[in-house]
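The sequence lines fix the lettering, A, B, ..., with proteins before strands; numbering per chain opens at 1. These numbers come from the heavy atoms of this one structure, side chains and all, not from hydrogens, waters or symmetry mates.
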Number of protein chains: 2
Amino acid sequence: MTDEESQILLQFLKVLADESRLRILGLLTNREASVEELAAYLKLRAPTVSHHLHRLQTLQLVAMRAEGNVHFYRFQPESLYRLNRMLTPEKLSRLTDDVQGDEWERKVLRDFLSGEELKEIPASRKKRLVILKWLTDKFEADVRYPETEVNEIIGRHHPDFATLRRELIGNGLMEREHGVYWRI
Amino acid sequence: MTDEESQILLQFLKVLADESRLRILGLLTNREASVEELAAYLKLRAPTVSHHLHRLQTLQLVAMRAEGNVHFYRFQPESLYRLNRMLTPEKLSRLTDDVQGDEWERKVLRDFLSGEELKEIPASRKKRLVILKWLTDKFEADVRYPETEVNEIIGRHHPDFATLRRELIGNGLMEREHGVYWRI
DNA sequence: ACATCAATTCGATATCTATCTATATTCGTA
DNA sequence: TACGAATATAGATAGATATCGAATTGATGT
């Protein structure tokens, strides 16, 4: 969640997830209005409305036009469209997937390993595969392991050995027959 | 902001405006996952993840499939599309339409409603129409409902669902064809 | 029946923020 | 220059909620 766009999405949602601010936007879609007008309509004090407008403005959901001391605010629909574009399943999935590169695999290992300890199981299928390949190297080729030993070996690196063991099989990195495991 | 759809919009935004929940959705777009897996990846405790999943589930942003004791959650994109449809300037402007709306209609609603319960069906045609419009808002636009569900939804507000259902049709607020009902 | 493990529910706590009052700033005008 | 009016900022408070550990529920296998 260090991705910039994700943070913007989160900010958008936080700003919009407030009844007063939604109502302000609703009023401003019809016509521009001053802080005082809005306060009267919403039955809030001017500083409160000012605070909300400030937050809306940082995301360009509203814009301001000053006429003397009176500040007229208007709604800016483009920003809503921007939010809509960010609110697709595809964009959401990228929240947790990083960009790929040449050093990508090593970066994954750096990120998820602390020494020989797997800090967490990557959620993205691609990264998980990198970790699983690394884990496979902990087993000798052409050696048959009983399940207890498989658990023990995986368990040296992460407590959730059951999930990892299933993933190793599921991804074709190891095989099982009658409770005996071996590396491919 | 008494409008039902506005409240749903607000709920959507509140549920999504949280980093952990966004990350959960991001993970679930790639693959379904158990509570434990999610907790490991997010570095949160299981009860916390459970709490988030519950909130996501109330808005049908995720769905659950149980396999023994393990609960696998998956992402439901349709709900996001629903949110997108609500996040247009036109819909936002309707948030406040009823604020300046007819004082009389609100009085009728106050008089005949006790919370979400319809105390009695108004005898006057004009007042009945106000109630029926309110009742129509309990149905989603563009959704087809079987008669049993129509009865169930109306029944939440008044026992005499048969009369009210007939009135909704008679006043052109809903339509029926082959036992299937939809909102106009 | 009993033990175990995943998930949920419960109760407590700490953080966040919407809202308020009080104060400061900015601009038009007498 | 000084005053009044409209906003903005600062600081305080109250309500909401994300998170946790502990206890409970529910399913599975011995």
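Nearer the 5' end of DNA chain C, as judged by each residue's closest nucleotide, is the contact made by A:Asp160, out of A:Asp160 and B:His51.
C:dC5 atom P lies 12 Å from atom CG of A:Asn151, rounded to whole Å. Put simply, CD on A:Glu19 is 16 Å from C1' on C:dT17, counting in whole angstrom units. At whole-Å resolution of the value, NE2 in A:His71 and P in C:dT25 are 15 Å apart. When rounded to the nearest whole Å, the span between NZ of A:Lys14 and P of C:dC16 equals 9 Å. Residue A:Leu42 contributes atom CG, which lies 9 Å from atom P of C:dT19 at whole-angstrom precision. Computed from coordinates, the B:Arg45 CZ to C:dC10 C1' distance equals 18 Å when rounded to whole Å. Here the P atom of nucleotide C:dA6 and the CG atom of B:Leu53 are 16 Å apart, to the nearest Å.
Contact annotation: B:Ser50 side-chain N/O to C:dT8 OP1/OP2 distance is under 4.0 Å.
At a threshold of 4.0 Å, the pair B:Asp137-B:Arg183 counts as salt-bridged, since one of the basic side-chain nitrogens sits closer than that to a carboxylate oxygen. We find that A:Glu19 and A:Arg21 are not joined by a salt bridge, their nearest charged nitrogen and carboxylate oxygen being 4.0 Å or further apart. Between B:Arg85 and B:Glu5, no side-chain nitrogen of the basic residue sits less than 4.0 Å from a carboxylate oxygen of the acidic one, so the salt-bridge criterion is not met.
Taken residue by residue, residues 54-70 of chain B places heavy atoms nearer than 4.0 Å to DNA chain D at B:Arg55, B:Gly68, B:Asn69.
Using modelled atom types, one finds a donor on one side chain and an acceptor on the other under 3.5 Å when comparing B:Thr163 with B:Asp160. Remark: the B:Glu37 side chain and the B:Ser34 side chain contain an N/O donor-acceptor pair separated by less than 3.5 Å.
A single hydrophobic cluster is seen to contain both B:Leu59 and A:Phe12, as judged by linkage of ILVMFWY side chains at heavy-atom distances under 4.5 Å, directly or through other members.
Taking only side-chain atoms of B:Glu36, from C-beta outward, the nucleotide of C:dT19, C:dA6, C:dT8 with the closest atom is C:dA6.
Between the OG1 atom of B:Thr29 and the CZ atom of B:Phe75 there is a distance of 7.0 Å, given to the nearest 0.5 Å.
Partners of B:Glu152 by salt bridge (charged side-chain N to carboxylate O under 4.0 Å, His left out), not counting sequence neighbours, listed by chain and number: B:Arg156.
The heavy-atom pair separating A:Lys133 from A:Leu173 by the smallest distance is N-CD1, 4.0 Å.
On the nucleic acid side, DNA chain D has its first and last nucleotide under 4.0 Å of a heavy atom of chain A at D:dA5 to D:dT9, going 5' to 3'.
A:Tyr73 comes within 4.0 angstrom of sugar-phosphate atoms only, judged by non-hydrogen atoms across all strands, and of no base.
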